[in-house]
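So the structure is just underneath, and the comments pick up after that.
Protein chains get the first letters and strands the later ones, always in sequence-line order, with residue 1 at the start of each.
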Protein chains: 2
Amino acid sequence: MNRARAFDPSTALGQVVDLFASKGYSETSMEDIVQATGVSRYGLYGTFGNKRELFEQALEQYAEGMGKRSFLRLLEPGASLDHIRSIFEERVADMCSPDQNKGCLFIHTAMELAPQDEELRGVLQRLMKRMSKAFSIGLDSAKGRGEVGKDVDVDAAGEMLTSTMFGLVVLGRTGFPKKTLDAIVDSMLNGLKA
Amino acid sequence: MNRARAFDPSTALGQVVDLFASKGYSETSMEDIVQATGVSRYGLYGTFGNKRELFEQALEQYAEGMGKRSFLRLLEPGASLDHIRSIFEERVADMCSPDQNKGCLFIHTAMELAPQDEELRGVLQRLMKRMSKAFSIGLDSAKGRGEVGKDVDVDAAGEMLTSTMFGLVVLGRTGFPKKTLDAIVDSMLNGLKA
DNA sequence: TCAGAAACAGAATAGCTATTCTGATTAAGT
DNA sequence: ACTTAATCAGAATAGCTATTCTGTTTCTGA
């Protein structure tokens with residue numbers, strides 16, 4: 001009996017992810033979202049709730065996408081230090097691509113919302129832990145291959161990689177060239193080598 | 001002939017720094033600033049210009065304060081790896097103190113303003129380069145003391161420390177405990193050891 | 001003491017924001 | 001074809017924002 005929805009929630013959410021990732025929460029207006037997605041206010045509020053709830057769903061989809069695109073490879077057997085390096089190289093390439101202003105939904109959430117929003121802070125902790133854990137598993141695998149020093153604490157090192165990746169995004173946003181970001185990745189990974 | 005100003009611009013600017021550092025640019029309203037400083041709108045606009053210009057001056061004062069408080073020690077002869085470690089430990093302690101929501105003006109600037117504001121992006125690049133340079137000088141000194149591996153590129157490593165410090169702030173903001181941040185610092189510094 | 005220039009507190013303005021509301025439109029089931 | 005309930009585009013609302021304006025107060029120099 002009812003009229004069909006004129007948009008696909010998942011692809012719309014994908015466009016919302018891009019907006020939030022590049023401009024953050026408060027600098028992205030619902031009007032921006034209406035324009036970018038082509039979805040009416042009615043549709044947005046009806047299917048996603050308010051802006052805060054929409055953001056939370058965007059954050060989850062962002063993390064899932066990043067997980068599948070980047071971190072899944074670390075969980076497979078035989079993961080090497082080069083797999084880890086490739087994740088960083090792709091992130092650096094992303095940050096230095098001239099077409100868009102890429103960002104990071106994790107950092108925006110941490111800086112804009114986490115201190116005041118306990119629930120979102122919990123979500124973010126869970127997502128970041130998952131990211132560090134993936135790094136740790138990859139490091140442990142690389143350690144088994146003799147690529148990572150035996151004295152390296154892979155749990156701590158996984159968290160360190162997460163931390164440095166965020167720093168890379170911050171530096172990329174302030175316009176540092178690819179060369180600089182590449183050198184940082186090298187420096188970080190050199191410290192882990194066997 | 002003129003009436004005397006009823007506030008000290010430098011201390012007012014210091015309070016503005018704290019506000020911007022904890023909440024960022026757009027989440028800090030001029031009303032917040034009026035309340036926190038006790039300075040009238042008239043006084044703020046008259047002495048600092050508009051919000052954007054006030055922010056720029058706050059950023060410069062923030063960097064200068066951080067330089068004097070933390071990084072100056074690295075430029076003195078005999079700087080050691082422990083001096084570098086102490087800077088990170090103090091930053092971690094700051095992020096984990098329960099009384100306030102400490103933040104980082106550099107990260108806020110990078111995420112909120114740098115992509116759209118070319119001038120501010122240039123300012124931020126200069127300030128971050130100064131920070132990395134201080135780390136590099138400290139590392140070189142520590143290298144001379146035999147505390148840092150001979151194969152370590154201190155220029156790249158200095159930028160890596162800057163990057164990781166930003167990551168620490170991001171993790172601190174999302175509520176990770178001191179233990180986690182300490183482990184990251186250890187992991188990072190272990191990779192530099194001789 | 002007094003003139004005057006600058007600083008003050010706070011009202012006024014203009015514009016943007018998230019959210020809700022409204023009347024028109026759509027498409028399915030009967 | 002008609003009913004019906006949900007969707008749509010966009011207007012309306014309420015509240016916040018940065019900035020400017022206004023009338024008053026204050027202090028300094030003559």
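For B/Thr109, there are no side-chain hydrogen bond (donor to acceptor under 3.5 Å, both in side chains) partners at least two apart in sequence or on another chain. With sequence neighbours excluded, the residues forming a side-chain hydrogen bond (donor to acceptor under 3.5 Å, both in side chains) with A/Glu147 are A/Arg145, listed by chain and number. In terms of the side-chain hydrogen bond (donor to acceptor under 3.5 Å, both in side chains) criterion, residue partners of A/Gln35 (sequence neighbours excluded) are, by chain and number, A/Glu31. With sequence neighbours excluded, the residues forming a side chain to side chain contact (heavy atoms under 4.5 Å, CB included) with B/Ala134 are B/Phe71, B/Leu74, B/Leu75, listed by chain and number.
Between its two ends, the helix from C/dT1-D/dA30 to C/dT30-D/dA1 turns its axis by 10°, counting five pairs per end and rounding to 10 degrees.
The interatomic distance linking B/Phe7 (CZ) with D/dT26 (P) rounds to 18 Å, in whole Å.
B/Ala12 and B/Thr37 make their closest contact through O-CG2, 3.7 Å (heavy atoms, listed as atom of the first residue, atom of the second, distance).
Pairs of residues two or more places apart, or lying in two chains, never qualify as salt bridge (charged side-chain N to carboxylate O under 4.0 Å, His left out) while including a residue from residues 129-144 of chain A. Here salt bridge (charged side-chain N to carboxylate O under 4.0 Å, His left out) pairs that include residues 57-72 of chain B, with residues two or more places apart or in two chains, are B/Glu60-B/Arg126, B/Glu64-B/Lys68. Among residue pairs with one or both ends in residues 154-182 of chain A, none qualify as ring-ring contact (aromatic ring centres under 6.0 Å, His included); sequence neighbours excluded.
One finds no side-chain N or O of B/Ser40 lying less than 4.0 angstrom from the OP1 or OP2 phosphate oxygen of C/dA7.
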For nucleotides 13-22 of chain C, give me one character per nucleotide, 5' to 3': B if any protein heavy atom sits under 4.0 Å from the base, S if the only such contacts are to the sugar-phosphate, - if neither. ----SSBB--

